[in-house]
Amino acid sequence: MAVKSHGTHTDDNHKALWSGRFAEGPDAAAVEFETSIFVDERMALDDIHGSMAHAEMLGACGIISKKESAEIIKGLKSIENDLGTGKLKIDYSAEDIHSFVEATLTDRIGEPGKKLHTGRSRNDQIALDERLYLKRIIPCLQNEIITLISTLTDIADKNKKTLLTGYTHMQHAQPGTLAQHLMAWATMLKRDWLRLEDSLKRVNLSPLGAGALQGSTLPLNREMVAKKLGFEGVTENSLDTSADRDYCIEFTSDFAILQSHLSRMCEEVVLWSTTEFAFIELSEKWSTGSSIMPQKKNPDFAELIRGRTGKVYGDLINLLTMVKGLPLAYDRDMQEDKAPLFEALDTVEGNLKVFTAMISSAKWNNANMASSCEGGFANATDLAEYLVRKGMPFRTAHTVSATAVRKAIDAGLTKIEDLCMEEFQQCSKLIEEDVYECLSPVACVEHRQTTGAPSSKTTSVQIRNMKAFCKKSTK
Ligand code: ARG
């Protein structure tokens, strides 16, 4: 069966927008190769809204009549409504979303539809669609980030005193709490939210009116379109506007950093779910089993999130490579920007939702987390700082504490505080009975009261600030 396409359409409205120059239609395989509607259809609404603003401006500037402008806007509105109700289906024989909207409009309103593309090129139109789409969708992604931050902050709030050792080099480092760890995750995600917010500022300029590359001879009012569409202003240089895909790269790099955070968090979830750590138990709803090993309960969802990192990083490299070496202005290579942008966006959005569901349904094993603070000499820094408080230079105190650790290891002990007073005194005369109350994991945590540190007092401040951030940042 012959596939209907912009290459074979005989009906004028549905021919390729550029068909006038050609005596012959393109090869069917050529059409299939270059068509982008399957990827850009998700920007249908943005394309329609952009066209409405453009038509209004054309009318207001006297480039088309007020009547024609009104008819175009009415026609576009009916397309928007019918797409919304499902009465109108996307026609995949169209070359791209722009062609589909324009052809449908002309089918519906006749001659005035042919005036819509006045003073416009698909080069500035696609840039407009992308910018409008990002302005519309990024706030939804930001809200997903806020949901996860709130989830983590709520768990932290209940676990300000739940001990959990901190690691560096995957070796016991210093005692901490579950709350401190979860607030570290939340803080990483807060930066991701802020990064998106910052990128939104740069995408917030209207490209429409840049035309194909050198603006227009018609008296277009770019500022009016920008205002109508909620942009802060217009882009500065028409050539740059036609060639610019920085916003795709910038958002995808934001996604890649966010994904790196999710991946690191998942790595910890996987590790913490092992029999050896057993800090966390994932719910059965968010675990899978094995087809051969009957006992298995695997953290596949954390692994899948972690595993999809390559996809998001790949999308970023894809975009960076796409623009490398492209001469100004528009080149068709740039059509290839949407697939990686959307794939990265969809992937991080899905990952955020799954991570939130997985972590909020998990159970925490407080006893195992608390025992992680024992046995690794994680309080050695605390002993050194105890001596600093007694007047010893830190470098000397470091050596004294290391001597105490050595002594304990040599005596087959697992904790510094298992040394008797006589043994402590052999390390330093400054060590007295009060050392014991400084060395318990609870004391080690509660004495860490610098801003951002894990004492319950300073964690409470972090939690309070993060809750306020979530409240003011929900869109
Ligand atoms: N589908 C194209 C894209 O996504 C739209 C612009 C087409 N422009 C052109 N000169 N062929 O980039």
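We number each residue from 1, following the sequence as shown. Indexing begins at 1, ligand by ligand and atom by atom, following the structure's order. When reading the values below, keep in mind they use all heavy atoms of this one structure, side chains included, and skip hydrogens, waters and symmetry mates.
- Among L116, L76, L229, the single residue meeting the side-chain contact (heavy atoms from CB on, under 4.5 Å) criterion with M52 is L76.
- When the heavy-atom distances from atom 8 (N) of ligand 1 to T35, N123, L213, D333 are ranked, the shortest goes to N123.
- With contacts defined as side-chain heavy-atom distances shorter than 4.5 Å, the pair L328/D240 does not qualify.
- For the ring-ring contact (aromatic ring centres under 6.0 Å, His included) test, residues two or more places apart in sequence or in another chain that qualify with W185 are H181, W272, F355.
- Close approach of ligand 1 to K338 is summarised as follows: ligand atoms under 4.0 Å from at least one heavy atom of the residue are 3 (C), 4 (O), 12 (O).
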With side-chain contact (heavy atoms from CB on, under 4.5 Å) as the test, would you mind laying out the steps for E343 and F255 before giving the verdict?
CA-CA 10 Å; E343 179 179 84; F255 303 153; over 6 Å; no
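- The existence of a salt bridge linking D46 and R42 is excluded, since no basic side-chain nitrogen approaches an acidic carboxylate oxygen closer than 4.0 Å.
- Atom 7 (C) of ligand 1 has its closest protein heavy atom at Y330 OH, 3.6 Å.
- Heavy-atom contacts of S36 reach the following atoms of ligand 1: 1 (N) (cutoff under 4.0 Å).
- When hydrogens are left out, the protein atom nearest atom 1 (N) of ligand 1 is Q335 OE1, 2.8 Å; that is the closest non-hydrogen contact.
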